[in-house]
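One structure is given below, encoded as structure tokens.
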Amino acid sequence: MRILAIDTALDHCAACVAADDAEAPLSAETLAMARGHAESLLPLIERVIARVEGGFAAIDRVAVTVGPGSYTGLRVGLSAARAIGLATGKPVVGVGTLSALLAPLLAETFEGTIAAAIDARHGAVYVQALGHGEGLAPAHLAVEEAAERLGRGPVVLAGSGAPILATALAERGVTARVAGVGGPDIASVASLGLVADPAQALARPLYLRGPDARPQDHARIARR
């Protein structure tokens with residue numbers, strides 16, 4: 001099986017083509033960017049596909065990160081993935097951004113908890129963890145609450161929120177190590193997409209908190 005993986009959830013724009021019988025992607029490209037995903041994604045996908053024999057016709061499914069992440073970035077990636085799926089008649093699956101960050105940590109031999117954390121600003125993180133007990137499902141939590149929920153450790157962390165969460169854990173006397181602070185590896189998105197169930201891993205945005213913008217009800221003119 002071959003898969004086209006797309007990631008625009010955070011501060012980069014990435015795509016790759018991977019196969020279930022190959023260790024490394026057949027073609028991949030990642031561009032670091034805080035904005036401009038809409039203008040960069042389709043040309044990037046075209047370059048990635050052009051390096052693969054058979055092009056779009058050789059793709060069996062499409063995977064795309066569904067969040068948490070930038071509202072605009074997620075919409076760009078999801079729209080492109082759905083359009084490609086519709087045009088090719090191939091299934092589209094969603095991959096959680098936190099799950100993709102966790103995936104490389106699963107390969108480590110480690111007695112403790114592994115956690116992915118994305119800086120959600122305002123003293124909060126998006127976090128997901130595997131390890132002691134039942135782990136921690138994707139959630140939007142204050143940094144202090146996230147540290148408490150991760151337990152006694154030790155903890156290995158990945159993602160942009162890893163440093164602030166590691167500091168909070170250290171203040172609680174918990175051993176924590178930061179494995180990386182970047183976004184998910186596009187190869188991890190592809191790997192998770194290859195094993196995902198299209199009936200369950202839906203390509204729709206995962207929002208773990210409400211929008212920052214709030215309607216100003218006090219400024220509205222009453223209807224008559």
Side-chain angles (χ1 to χ4, degrees), residues 2-19 22-88 90 92-105 116-121 125-126 128 157-163 178-194 196 201 203-207:
R2 286 188 177 185
I3 188 169
L4 168 65
I6 298 168
D7 178 28
T8 55
L10 300 173
D11 291 342
H12 57 262
C13 182
C16 81
V17 174
E23 292 186 4
L26 306 177
S27 176
E29 185 173 339
T30 298
L31 298 176
M33 60 177 60
R35 54 181 57 87
H37 298 79
E39 295 79 13
S40 300
L41 180 59
L42 291 182
L44 186 150
I45 291 174
E46 289 178 355
R47 294 193 298 272
V48 168
I49 289 292
R51 296 193 289 265
V52 177
E53 184 177 355
F56 282 106
I59 302 300
D60 298 296
R61 68 168 54 176
V62 182
V64 60
T65 44
V66 296
S70 158
Y71 178 88
T72 301
L74 290 175
R75 289 294 179 179
V76 169
L78 284 163
S79 296
R82 290 169 178 166
I84 293 170
L86 183 63
T88 60
K90 305 301 182 181
V92 181
V93 297
V95 173
T97 313
L98 292 166
S99 295
L101 282 167
L102 278 176
L105 301 182
I118 297 170
D119 188 354
R121 301 179 183 177
V125 290
Y126 300 113
Q128 180 179 350
L157 299 157
S160 61
V178 176
V181 297
D185 184 352
I186 190 62
S188 295
V189 178
S191 296
L192 293 176
L194 283 167
R204 61 188 183 194
L206 174 63
Y207 297 128

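Counting non-hydrogen atoms of neighbouring residues, nucleotides and ligands closer than 6.0 angstrom, the CZ atom of Arg204 reaches no more than 12 such neighbours. A 6.0 Å sphere centred on OH of Tyr207 holds more than 12 heavy atoms belonging to other residues, nucleotides or ligands. At most 12 heavy atoms of other shown residues, nucleotides or ligands fall within 6.0 angstrom of atom CZ in Arg35.
In this structure, Val66 and Gly94 approach most closely via the heavy-atom pair CG1-CA, 3.5 Å. Closest approach of Thr8 and Thr65 over heavy atoms only: N-OG1, 3.7 Å. Nearest heavy atom pair, residue Val189 against residue Ala100, reads CG2-CB, 3.9 Å. Heavy-atom minimum distance, Val92 versus Gly85: CG2-CA, 3.7 Å. Taking all atoms of both residues into account, the shortest heavy-atom contact from Leu26 to Ala19 is CD1-CB, 4.2 Å. Scanning all heavy atoms of the two residues, the minimum distance from Leu192 to Ala103 falls at CD1-CB, 4.5 Å.
At least one side-chain heavy atom of Val93 sits less than 4.5 Å from a side-chain heavy atom of Arg61. For the pair Ile84 and Ile6, the minimum side-chain heavy-atom distance is below 4.5 Å. Ile186 places none of its side-chain heavy atoms less than 4.5 Å from the side chain of Pro25. Between Cys16 and Ser27 the shortest side-chain heavy-atom distance does not fall below 4.5 Å. Residues Ile3 and Val17 have side chains not in contact (no heavy-atom distance under 4.5 Å, counting atoms from C-beta outward). Looking at Pro184 and His12, their side chains come closer than 4.5 Å, going by heavy atoms from C-beta outward.
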Determine, step by step, whether Leu44 and Cys13 satisfy the side chain to side chain contact (heavy atoms under 4.5 Å, CB included) criterion, reporting the C-alpha distance in whole Å, the side-chain angles of both residues, the deciding distance to 0.1 Å, and the verdict.
CA-CA 8 Å; Leu44 186 150; Cys13 182; 4.2 Å; yes

For Ile118 and Val125: C-alpha separation, side-chain torsions, deciding distance, then whether side chain to side chain contact (heavy atoms under 4.5 Å, CB included) applies.
CA-CA 5 Å; Ile118 297 170; Val125 290; over 6 Å; no

The test is side chain to side chain contact (heavy atoms under 4.5 Å, CB included); show your working for Ile59 and Ile49 and say whether it passes.
CA-CA 9 Å; Ile59 302 300; Ile49 289 292; 4.2 Å; yes

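For the atom pair CZ (Phe56) and CZ (Arg2), the distance works out to 13.5 Å, reported to the nearest 0.5 Å. Within the model, atoms CG of Leu41 and CE of Met33 stand 9.0 Å from one another, a figure rounded to the nearest 0.5 Å. Between the OG1 atom in Thr88 and the CG atom in Leu4 there is a gap of 9.0 Å [rounded to 0.5 Å]. If you take CG on Leu206 and CG on Leu74, they are separated by 8.5 Å, rounding to the nearest 0.5 Å. For the atom pair Glu29 CD and Leu31 CG, the distance stands at 5.0 Å (nearest 0.5 Å).
A donor-acceptor pair under 3.5 Å is formed between the side chain of His37 and the backbone N or O of Leu10. For Arg75 (side chain) and Pro205 (main-chain N/O), no donor-acceptor pair under 3.5 Å exists by modelled atom type.
Among Leu101, Thr97, Leu102, the one residue that satisfies the side chain to side chain contact (heavy atoms under 4.5 Å, CB included) test with Gln128 is Leu102.
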